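My structure is below; once you've seen it, I'll send some questions.
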Amino acid sequence: LCYNTSGPSRGRFYFQGVVMDTRKRKPWLSFETQCQVLKDRGLDISDNKFMENFLSTYNYYYITGYLHSYKDTDGKYRKGTCIEEISQAIKADREFHMLFFYVIESIERKLKSVMAYYIGKNHSDDDLGYLIYDQKYVSVNEKVNKFLPYFRKAVKNNSSLPFVNHYINKYGGVFPIWVAVEVFTLGNLENLYSILDKKTSREIADEFSIKRAVLVQWIKCLRVFRNTLAHNGRLHNFTFRLHPKQFECWEIEQTNMVFDYIYMCKFLFPEKNEWEKVLVGSLKSVFIENHVKLSSYGFPYNWKELLMY
């Protein structure tokens, strides 16, 4: 990072080789001014104090992200766009975030369990430290070389945990797979599953009644979905670039919105009774309480039937 304070390049700084001109920055605006800017762009704001407090809580650019789909070609918001509707969408998103986090964590727990079980069963004489170099266990050296640094980073990030510290001190950092999975991220699971031998990877996929090629791609989708949630990503009127891979039991037309991901999770979630009684009911409550449109999340009119087993 280099900043120039004099000469013809004054006001410019260099970040990772890119020239950035601070003279072209937009000025700081008070919450009152931000409120007026949004009004001038057509947002219906009936209570300025409410709007200013809302801006102080959620940040101008976070809010305008939700307003993006309400813009006309002239850059202004469509007539009738009101802050109350945006407020309800943000509240619904926050509730969906908490619910979907639980869904993903439940699936992640199941994945860790079955991966540890079948890898341990099929390679009972090995541990993770040896398996990553064993050609009967993995298929592509390049992928193995990518996985190993990720695993080492996961161990380092969790070195303060008692069981990790125990295996480092007593066993020289050699972790059996049933221990190693406890420090894996979804990214680690994605990388490891992609390099498993066919027999082991198929047995794991069979636990979810899907094909290996589908599960490989779905774990990647889970990682993308989880990262979106972890970074407070918008779900309302948001289009995902990565689409879950379809298979023979797939019954919906993909919208590339969050419903596609929830529908995918239906096939991966470990507890069917909980999914139907608790999770589907919770989704319904969020829609009713926040008055948000089903279409804003890609939900079809018969979404409840589609999400039932």
Side-chain angles (χ1 to χ4, degrees), residues 58 62-72 77-78 80-108 186 190 208 210 214-269 272 274-309:
Y58 288 105
Y62 183 77
I63 296 169
T64 54
Y66 282 83
L67 284 164
H68 182 73
S69 60
Y70 293 84
K71 275 186 176 182
D72 273 332
Y77 301 120
R78 295 194 299 269
T81 303
C82 63
I83 189 55
E84 287 78 13
E85 183 176 354
I86 304 306
S87 173
Q88 289 169 340
I90 291 175
K91 184 174 181 293
D93 262 22
R94 294 186 66 187
E95 293 179 20
F96 281 140
H97 273 65
M98 291 186 287
L99 181 61
F100 299 156
F101 253 128
Y102 177 75
V103 169
I104 293 173
E105 286 173 0
S106 298
I107 296 170
E108 183 179 0
L186 264 175
E190 176 190 351
F208 300 97
I210 56 179
V214 174
L215 185 55
V216 168
Q217 201 264 354
W218 281 12
I219 297 176
K220 182 177 182 179
C221 288
L222 282 173
R223 175 180 56 80
V224 170
F225 192 17
R226 188 188 186 283
N227 287 347
T228 299
L229 300 177
H231 295 287
N232 297 310
R234 175 169 55 89
L235 300 177
H236 182 265
N237 284 330
F238 181 77
T239 300
F240 287 87
R241 292 183 179 181
L242 181 65
H243 317 140
K245 189 179 184 71
Q246 299 184 29
F247 73 122
E248 56 269 17
C249 294
W250 194 273
E251 297 179 341
I252 67 168
E253 182 178 344
Q254 287 186 306
T255 63
N256 304 331
M257 301 177 80
V258 73
F259 183 74
D260 296 351
Y261 280 71
I262 299 306
Y263 186 70
M264 174 192 73
C265 289
K266 165 189 170 180
F267 299 99
L268 300 173
F269 195 78
K272 292 184 178 181
E274 182 182 8
W275 177 271
E276 292 187 346
K277 292 181 179 179
V278 179
L279 296 172
V280 175
S282 297
L283 287 170
K284 181 180 179 182
S285 296
V286 174
F287 282 119
I288 293 174
E289 292 172 8
N290 296 287
H291 309 287
V292 288
K293 297 177 181 178
L294 293 171
S295 59
S296 298
Y297 297 87
F299 279 62
Y301 73 94
N302 61 334
W303 67 270
K304 283 177 286 186
E305 290 78 8
L306 290 169
L307 290 182
M308 301 295 274
Y309 293 103

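Nothing here was measured: the structure is a model prediction, and the numbers come from that model. Below, each value reflects all heavy atoms present in this structure, side chains not excepted, and no hydrogens, waters or symmetry copies. Sequence positions, counted from 1, serve as the residue numbers for this chain.
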Quiz item: Does the side-chain contact (heavy atoms from CB on, under 4.5 Å) test come out yes or no for Leu283 and Trp303, once each step is laid out?
Solution: CA-CA 10 Å; Leu283 287 170; Trp303 67 270; 3.8 Å; yes
Practice problem: Can you sort out the partners of Lys91 under salt bridge (Lys or Arg N to Asp or Glu O under 4.0 Å), two or more places apart, ordered by chain and number? | Solution: Glu95
Quiz prompt | Minimum heavy-atom distance Val292-Val286, with the two atoms named | solution = CG2-O, 4.4 Å
Practice problem: Looking only at non-hydrogen atoms, find the nearest pair between Val280 and Glu276 and report the distance. | Solution: CB-O, 3.6 Å
Quiz item: What's the shortest heavy-atom distance between Cys221 and Pro244, and which atoms?
Solution: SG-CA, 3.7 Å
Quiz item: When rounded to the nearest 0.5 angstrom, what is the spacing between CZ in Phe225 and CG in Asp260?
Solution: 10.5 Å
Quiz item: Under a 4.5 Å cut-off applied to non-hydrogen side-chain atoms, are Phe240 and Thr228 in contact?
Solution: yes
Self-check item: Polar side-chain atom of Arg78 near backbone of Thr81 as donor-acceptor pair, under 3.5 Å
Solution: no
Quiz item: Are the aromatic rings of Phe247 and Trp218 close, with centres under 6.0 Å apart?
Solution: yes
Quiz item: Going through the checks in order, is the side-chain contact (heavy atoms from CB on, under 4.5 Å) test met by Leu279 and Ile262?
Solution: CA-CA 10 Å; Leu279 296 172; Ile262 299 306; over 6 Å; no
Self-check item: Exercise: identify the closest heavy-atom pair between Phe287 and Lys293
Solution: CE2-O, 4.0 Å
Quiz item: Does a side-chain heavy-atom distance below 4.5 Å link Leu235 with Leu229?
Solution: yes
Exercise. Could you tell me whether Phe299 and Phe259 have their ring centroids closer than 6.0 angstrom?
Key: yes
Self-check item: Residue pair Asn232 / Tyr62, side-chain donor-acceptor N/O under 3.5 Å
Solution: no
Exercise. Anything under 30° is parallel, anything over 60° is perpendicular, the rest tilted; go ahead and classify Phe96 against Phe100.
Key: parallel
Quiz item: Is Pro300 close to Ile252 at the side-chain level, that is, under 4.5 Å between some pair of heavy atoms?
Solution: no
Practice problem: State, yes or no, whether a side-chain contact exists between Leu222 and Met264 at a heavy-atom distance under 4.5 Å. | Solution: yes
Practice problem: Count the heavy atoms of every other residue, nucleotide or ligand shown that sit under 6.0 Å from NZ of Lys266, and state whether that count exceeds 12. | Solution: yes
Exercise. For side-chain contact (heavy atoms from CB on, under 4.5 Å), just list the numbers for Met257 and Phe238, CA-CA rounded to whole Å, side-chain angles, deciding distance to a tenth of an Å, and then say yes or no.
Key: CA-CA 6 Å; Met257 301 177 80; Phe238 181 77; over 6 Å; no
Practice problem: Find out whether Trp275 and Cys265 are in side-chain contact, i.e. whether some heavy atom of one side chain is under 4.5 Å from a heavy atom of the other. | Solution: yes
Quiz item: Can you tell me if Asn256 uses its side chain to pair, donor with acceptor, with the backbone of Thr239 under 3.5 Å?
Solution: no
Exercise. For Val258 and Tyr297, work out which heavy atoms get closest and say how close.
Key: CG1-O, 3.4 Å
Quiz item: If you count the non-hydrogen atoms of other residues, nucleotides and ligands that lie under 6.0 Å from CD in Glu305, is the total more than 12?
Solution: yes
Practice problem: Measure the spacing between OG of Ser295 and CG of Asn237 and express it to the nearest 0.5 Å. | Solution: 7.0 Å
Quiz item: Can you tell me if Gln217 uses its side chain to pair, donor with acceptor, with the backbone of Gln246 under 3.5 Å?
Solution: no
Quiz item: Does OH in Tyr309 sit with more than 12 non-hydrogen atoms of other residues, nucleotides or ligands closer than 6.0 Å?
Solution: yes
Practice problem: To the nearest 0.5 angstrom, please state how far the CG atom of Leu294 sits from the NZ atom of Lys284. | Solution: 11.5 Å
Practice problem: First locate atom CH2 of Trp250, then atom CG of Leu306, and finally report the distance between them rounded to the nearest 0.5 Å. | Solution: 10.5 Å
Quiz item: Ignoring hydrogens and geometry, is there a side-chain-to-backbone donor-acceptor pair from His291 to Glu85 under 3.5 Å?
Solution: no
Self-check item: Expected output: side-chain Arg226 to main-chain Leu186 donor-acceptor under 3.5 Å
Solution: no
Exercise. Evaluate the criterion side-chain contact (heavy atoms from CB on, under 4.5 Å) for residue pair Leu242 and Tyr261; output intermediate values, then yes/no.
Key: CA-CA 10 Å; Leu242 181 65; Tyr261 280 71; 3.7 Å; yes
Quiz prompt | Interatomic spacing from CG in Asn290 to CD in Gln88 - rounded to 0.5 Å | solution = 6.5 Å
Practice problem: With rounding to the nearest 0.5 Å, note down the distance linking CE in Met308 to NZ in Lys272. | Solution: 12.0 Å
Quiz item: Are the side chain of Tyr263 and the backbone of Glu251 linked by a donor-acceptor contact shorter than 3.5 Å?
Solution: yes
